[in-house]
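Heads up, the thing below is written out as structure tokens.
We count residues from 1, following the sequence as given.
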Amino acid sequence: ELMKHKARLCAHGDMQQWGLDFWETFSPVVMWIIVHVLLTVAAIHNLLAKCIDFVLSFLQADLDVNVFMELPIGMTIESGHPKDHVLRFNKSIYSLKQSSLNWFKLLSGAM
């Protein structure tokens with residue numbers, strides 16, 4: 001019988017140091033007046049307005065720096081003691097200071 005478990009791996013972003021682990025952060029901010037104007041224009045011209053939700057968006061963006069993390073509690077490695085190994089990330093994960101900036105760069109480059 002196959003047992004399935006879901007989990008989300010989050011980093012301790014509060015342990016990151018500016019200038020050592022990251023150099024920039026980004027926090028997107030919506031100007032609600034622009035959203036209202038766009039929806040009003042769409043309603044006046046009888047246009048269709050759609051909303052997009054990007055599932056697991058942060059996990060799609062590549063990291064531009066090396067990020068390492070100790071193994072989570074309960075994760076085992078067949079060869080050796082868990083304290084002898086670290087994880088190196090290729091993609092952004094939740095709670096990193098630079099995750100939203102990396103996602104914004106990826107999204108901007110695709111537009």
Least distance between heavy atoms, L48 atom then K50 atom: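 Minimum heavy-atom separation between L48 and K50: CD2-CE, 3.6 Å.
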Quick check: is [Y] connected to [X] through a chain of hydrophobic side chains (ILVMFWY, heavy atoms under 4.5 Å apart)?
| X | Y | value |
| --- | --- | --- |
| L38 | M31 | yes |
| V67 | L87 | yes |
| L63 | L107 | yes |
| L47 | L39 | no |

